[in-house]
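Working notes for the structure below.
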2 protein chains.
Amino acid sequence: MKILELIRTNGVELALEKGDHVFRQGDEDKFIYFVTSGFLKAYYLSEDGKENIKSFIEAGGRIGSLRACYAGEKCSFSLLCMEDCKLLKIEFSKLYEASKTDPEIAFEMVEFLLGFSLKKEIREFEFLCLSAEQRYARMTEENPEFASKITQNEIARYLGVTPVGLSRIKKRLER
Amino acid sequence: MKILELIRTNGVELALEKGDHVFRQGDEDKFIYFVTSGFLKAYYLSEDGKENIKSFIEAGGRIGSLRACYAGEKCSFSLLCMEDCKLLKIEFSKLYEASKTDPEIAFEMVEFLLGFSLKKEIREFEFLCLSAEQRYARMTEENPEFASKITQNEIARYLGVTPVGLSRIKKRLER
DNA sequence: CACGGGTTTTAACCTAGGTTAATTCCAAAC
DNA sequence: GTTTGGAATTAACCTAGGTTAAAACCCGTG
């Protein structure tokens, strides 16, 4: 991974504690973060204070606000450490420029972005075509490892329902 | 655009009529389509025959099933011409291989995928955080040009509600 | 003009999930 | 053991949107 080399030479290492924010919704933060260890959640906060979880990020994952990095906006979500975390961060622009001049990096970016797009496409499908109940069923099948790390409250917020709603769904399903 | 050159030399031109399918859900179709002219819709069909619209594609747009092209699955949606269309198609693998060896192509792919990811991220946000009513309000603001080309029925199916539901939402909003 | 087919609206009824608040559970801390 | 605080469940009530079917509307065609 040539990108990882680039980060080792150009990036900055961060050690954060459980409960720390990497950045907050509204910040201008044009970095991409590579998760060395730990576990994070990315979440939106609506005006009336409601939390909606965009994604969970495990060791090996990457995250950054595309809208902030690439569309010149503020971060549209917050990023929070749910455990102590080690991260490597690099300016998005460095990655972007590097992919202009370095073919290997460009190709690795293509690979990463394809994987990312695929995931987002599947999530779009789930919201567009499935009920909350079906989304929950899929989640328990496909991400059983999350169950131990996150509360049911957070699963609900990730699926787009309230904790109360999810509790009902579970009960309905166990029959 | 070096990608467009590649397509002119390696791609195939298609002229389709209104009502034709480019491919159908379940097909193995590993092409990326560049829309020269016309207007199409990409939609999912559920087991019980319900249609959910993934996206509309205008001239200048590109589309293909990522799951088919990149994840080795069947097409997860169908692609239908809503007007007579001129398309250019190319095997995804050709684009992918080219981005391994040709830095310009790789960079153009990065640009395209960043734009695509951004759009999907916004759609995820809309489903996760907004009500159907809010999604409709945003759509009328941001894609007023669609209104003339598509029926309200289809707007509903794109927003994830039924036509009846959307009719109600409209009525509620006009007060 | 009348006809016919598709789109939109309306109405009546139903269901999933939201809201609020009370209750129960559980686990860590004492 | 008891206390305490967060997580999950339950219950009662409410609302948005689904479902079905009928009505109204809108065109294009003969």
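In what follows, every chain begins at residue 1, and chains take the letters A, B, ... in the order their sequences are listed. What you are looking at is a predicted structure, and each value in this text was computed from that prediction instead of being measured.
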Which pair of heavy atoms, one from A132(A) and one from V161(A), lies closest together, and at what distance?
CB-CG1, 3.4 Å
Would you work out how much the helix from dC1(C)-dG30(D) to dC30(C)-dG1(D) bends between its ends, with each end axis defined by five base pairs, to 10 degrees?
30°
Less than 4.0 angstrom from a charged side-chain N to a carboxylate O is my criterion; do E83(B) and K149(B) meet it?
yes
So that I can tick it off, tell me whether K94(B) and E97(B) are bridged by a salt bridge, with the cut-off set at under 4.0 angstrom between side-chain N and carboxylate O.
no
Between R138(A) and E126(A) (salt bridge meaning N to carboxylate O under 4.0 Å), is one present in this structure?
yes
Terminal contacting nucleotides, 5' and 3', DNA chain C versus chain B (heavy atom, 4.0 Å)
dT8(C) to dA12(C)
Is a salt bridge present between K74(B) and D27(B), judged by a nitrogen-to-oxygen distance below 4.0 Å?
no
List in chain and number order the residues that pass side-chain contact (heavy atoms from CB on, under 4.5 Å) with T162(B), two or more places apart in sequence or in another chain; answer none if no residue qualifies.
R157(B), V164(B)
Are more than 12 heavy atoms from other residues, nucleotides or ligands located less than 6.0 Å from atom NZ of K100(B)?
yes
Is it true that E13(A) and K86(A) make a salt bridge, defined as a side-chain N closer than 4.0 Å to a carboxylate O?
no
Could you list all the ring pair (Phe, Tyr, Trp, His ring centres under 6.0 Å) pairs where at least one residue sits in residues 135-175 of chain A, not counting sequence neighbours?
F39(A)-F146(A), F56(A)-F146(A), F56(A)-Y158(A)
Do the side-chain N or O atoms of K171(A) get closer than 4.0 angstrom to the phosphate oxygens (OP1, OP2) of dT10(D)?
yes
For residues 49-60 of chain A, pull every pair meeting salt bridge (charged side-chain N to carboxylate O under 4.0 Å, His left out), keeping only residues two or more places apart or in separate chains.
K41(A)-E51(A), D48(A)-K50(A), K54(A)-E121(B), K54(A)-E124(B)
Near DNA chain C, under 4.0 Å by heavy atom, which residues of residues 139-169 of chain B?
T151(B), Q152(B), N153(B), V164(B), S167(B), R168(B)
